[in-house]
> 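Got a structure for you, questions after.
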Amino acid sequence: MMTVSSNPAKIFPMLMTVVLGSTLVLSGCQATKGLFGKRDNGSLEYQQSKKLAPLELPAAQETAPFVPLYPTPNAGANTLKLENESGKQYQLPKPQRTVAVTQASE
């Protein structure tokens, strides 16, 4: 059976190692962005989606009239670049600046 001594000189380095290690792993720093940014998380799969054929009900089945609330327009090809550097994840475009920067006169 392993026992942990209560000597602070032995516990402090071990505690600091755990704290610093977990801080590094959980911090989300730029080093981890390069590693985790290359995996495929499926966020770009919607671009290969196709429109499904309408449902066909039996001829004897009476239905209510169908009015689409949100029609899907035929927009054509996507011209936005929505992929990150590795081409595997969705990345939002950078916002455009809307406020003009003026220099103050002296």
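Predicted, not measured: the structure shown is a model, and the values here were computed from it. Just so you know, residue 1 is the first one in the sequence shown, and it goes up from there.
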> Other than Val18, what residues sit in its cluster of Ile, Leu, Val, Met, Phe, Trp and Tyr side chains whose heavy atoms are under 4.5 Å apart, directly or through others?
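Listed partners: none, Val18 stands alone.
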> How would you list, by chain and number, every residue that makes a side-chain contact (heavy atoms from CB on, under 4.5 Å) with Ser49, sequence neighbours excluded?
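In terms of side-chain contact (heavy atoms from CB on, under 4.5 Å), with neighbours along the sequence ignored, Ser49 is linked to no residue.
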> Going by side-chain hydrogen bond (donor to acceptor under 3.5 Å, both in side chains), name the residues that satisfy it together with Lys50, two or more places apart in sequence or in a different chain.
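For Lys50, no residue satisfies side-chain hydrogen bond (donor to acceptor under 3.5 Å, both in side chains) once neighbours in sequence are set aside.
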> Counting neighbours of CG on Leu57 that are heavy atoms of other residues, nucleotides or ligands and sit closer than 6.0 Å, is the number greater than 12?
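Yes, because the 6.0 Å sphere around CG of Leu57 holds more than 12 heavy atoms from other groups.
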> Can you confirm whether Gln48 is buried at CD, in the sense that more than 12 heavy atoms of other residues, nucleotides or ligands lie under 6.0 Å from that atom?
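Yes - once you tally the heavy atoms of other residues, nucleotides and ligands closer than 6.0 Å, there are more than 12.
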> Clusters formed by hydrophobic residues whose side-chain heavy atoms approach within less than 4.5 Å: which one holds Leu69, and what are its other members?
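Tyr70, all in the cluster of Leu69.
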> Test of understanding: with side-chain contact (heavy atoms from CB on, under 4.5 Å), list the residues that count as partners of Tyr46, not counting sequence neighbours.
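By the side-chain contact (heavy atoms from CB on, under 4.5 Å) rule, Tyr46 matches Leu82, Tyr90.
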